[in-house]
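Before any comments, here is the structure.
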Amino acid sequence: MFSSLRVRNYRYYFAGQVVSNTGTWMQRIAQDWLVLSLTGSPLAVGITTAMQFLPMLLFGLFGGVLADRMPKRRLLILTQGAMGLLAAGLAVLTVGGVVTPYYVYLFALLLGLVTVVDNPTRQAFVSEMVGPKDLANAVSLNAANFQTARLVGPAVAGLLIAAVGSGWAFALNALSFAAVIGGLLAMRESELRPTTPIAREKGQLREGLRYVKERPELLWPMVLAGFIGTFGFNFPTLLAGFASDTFHVGAGQYGLLNTAMAVGSLTGALIAARRGVPRLRRLVGAALAFGALEVVAAFAPGYWTFALLLTLIGVFGLSFNTSVNASLQLGTDPEMRGRVMGLLMLVFTGGTPIGAPIVGWVTASYGPRVGLLACGLVSAAAAGAVGLVLARSAELRLRLDLHPGRRGRVVALVPRPAASAKPELATAC
């Protein structure tokens, strides 16, 4: 489960991320609650989220190109430093009592611009620390790291908001970036496995798009990630609406809903860390379960039932997230990894500026339950459609065996007679 922690450089990175991720979650909760308290509108929370992810939609592919062109460790030091400065600026405005929703929108937009470069670089840098053997494990542990911070961050943010206000949560987040920068500086360059940066040439962005288009084992997980990211993962908008309008609870209970999902996500990450190379059938199954649970949660009769369902949603949502990340990285040539991960970040988080305002409008107009129901239906339908396309492309069919024997399966995917699909796609499925 923890095999990649044997690598010294990754241990430094992992430790720094524990601190920084905790600060990030504190800021996320404080930012959403600040906007909600300033405006009283879930739609405004959706707009804030959209502003933060709009740059990824517009420039996500260019961030992946930069990740392939530049040394990733050096680039991460610059992006993490910039994020710390932005958190400090928002803290000064909030503590000073001059913050407005428009200031929050602006800082969310600037943070999104930095994230355009930071996200694909961070994802691609994992393989340079641990190599292909431990890549899937490191991706899962990174997710576990992020979700562990999600357990602590919202709880601390809730206490800080109630005691001294949102500004101090932003200030602590600014300080937390020193940990990850320190971890990056402490690494031994001789133990890294750096990918040779590509020379700057025209057409590299189109080359990345063409590379994914020609490989269905990369293309269709990307398509599914786009639907799940655009509609399924709109929890900042939805949970704020459930907390304030459906269950009528305060900041502490709102933070607890995020904590409940984090418990499930952490569980899903640790389960994924024990597994080997993820297969596409697991990815599709996790997405289908994720969407179905959102549909069920939309009808939750009370606060605690809803919190329990959020835990299960976290398990399958994180399983999907780690599976798509690891499968794409392992299936991509090293010199293309930055662009492929940039495209993944674009479709997974870049769709938020489209989905968040839509979900925010539905939530404001018809209530959080209808908003969550719509998100679940879209996610489940997308998972079913992509699963059928992959099975057909790989020329696989469902086999039902009521007498499978000791090691057989009652339901299994098997090749069709005289199948002629690409062997790499059939293997990935």
Side-chain angles (χ1 to χ4, degrees), residues 49 53-61 63-64 67 115-116 119-120 122-124 126 135-136 139-140 142-143 146 208-209 211-235 265 268-269 272 277-294 313-332 336-356 358-359 375-390 393 425 428-429:
T49 304
F53 291 103
L54 179 63
M56 185 64 72
L57 177 64
L58 299 177
F59 309 113
L61 290 175
T115 303
V116 164
N119 267 2
R122 226 173 350 100
Q123 301 295 333
V126 175
L135 178 59
V139 168
S140 298
N142 283 346
F146 190 69
L209 292 173
Y211 180 83
V212 171
K213 180 182 178 181
E214 294 173 352
R215 304 184 65 172
E217 68 273 18
L218 302 181
L219 174 63
W220 290 110
M222 288 272 193
V223 171
L224 181 54
F227 278 99
I228 298 294
T230 301
F231 297 102
F233 275 87
N234 271 289
F235 295 110
S265 299
V277 177
R279 304 185 72 178
L280 296 183
R281 67 185 68 182
R282 185 197 307 169
L283 184 155
V284 171
L288 185 60
F290 171 80
L293 284 166
E294 285 192 328
I313 289 171
V315 171
F316 289 100
L318 203 285
S319 179
F320 170 78
N321 199 351
T322 57
S323 294
V324 72
N325 190 312
S327 64
L328 291 180
Q329 289 211 53
L330 289 168
T332 302
M336 300 294 299
R337 193 166 287 138
R339 279 164 284 182
V340 171
M341 298 313 295
L343 182 57
L344 175 62
M345 294 299 103
L346 184 152
V347 300
F348 191 70
T349 63
T352 303
I354 300 172
I358 293 174
V359 175
C375 291
L377 289 174
V378 170
S379 299
V386 169
L388 289 173
V389 170
L390 283 171
S393 299
L425 179 57
C429 288

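Hydrogens, waters and symmetry mates play no part in the numbers below; they use all other heavy atoms, side chains included.
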Can you check whether [Y]'s main-chain N or O pairs, donor with acceptor, with [X]'s side chain at less than 3.5 Å?
X: R215; Y: G331; answer: yes
X: Q123; Y: G338; answer: no
X: T230; Y: F227; answer: no

Looking only at heavy atoms, what is the nearest atom pair of [X] and [Y], with distance?
X: N325; Y: M341; result: OD1-CE, 3.7 Å
X: M222; Y: L328; result: CE-CD1, 3.9 Å
X: N119; Y: M56; result: ND2-CE, 4.0 Å
X: L218; Y: Y211; result: CD1-CE2, 3.7 Å
X: S323; Y: R282; result: OG-CD, 3.9 Å
X: S379; Y: G232; result: OG-CA, 3.4 Å

Would a 4.5 Å heavy-atom cut-off, applied to side chains only, mark [X] and [Y] as touching?
X: L377; Y: F231; result: no
X: V359; Y: C375; result: yes
X: L344; Y: V324; result: yes
X: F59; Y: L346; result: no

Inset, instruction - Kindly compute the distance separating CG (L135) from CD (Q329), expressed to the nearest 0.5 Å. - result: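 Spacing of CG (L135) from CD (Q329) equals 5.0 Å.
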Legend entry - Residues which pass side chain to side chain contact (heavy atoms under 4.5 Å, CB included) with L209, listed by chain and number, not counting sequence neighbours: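 Partners of L209 under the side chain to side chain contact (heavy atoms under 4.5 Å, CB included) test: L61, L205, L343.
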Inset, instruction - Look at atom CZ of F316 and say whether more than 12 heavy atoms of other residues, nucleotides or ligands are closer to it than 6.0 Å. - result: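 Counting neighbours around CZ of F316, 12 or fewer heavy atoms of other residues, nucleotides or ligands fall under 6.0 Å, so no.
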Listed pairs under 3.5 Å, donor-acceptor, residues 283-293 side chains, sequence neighbours left out:
none

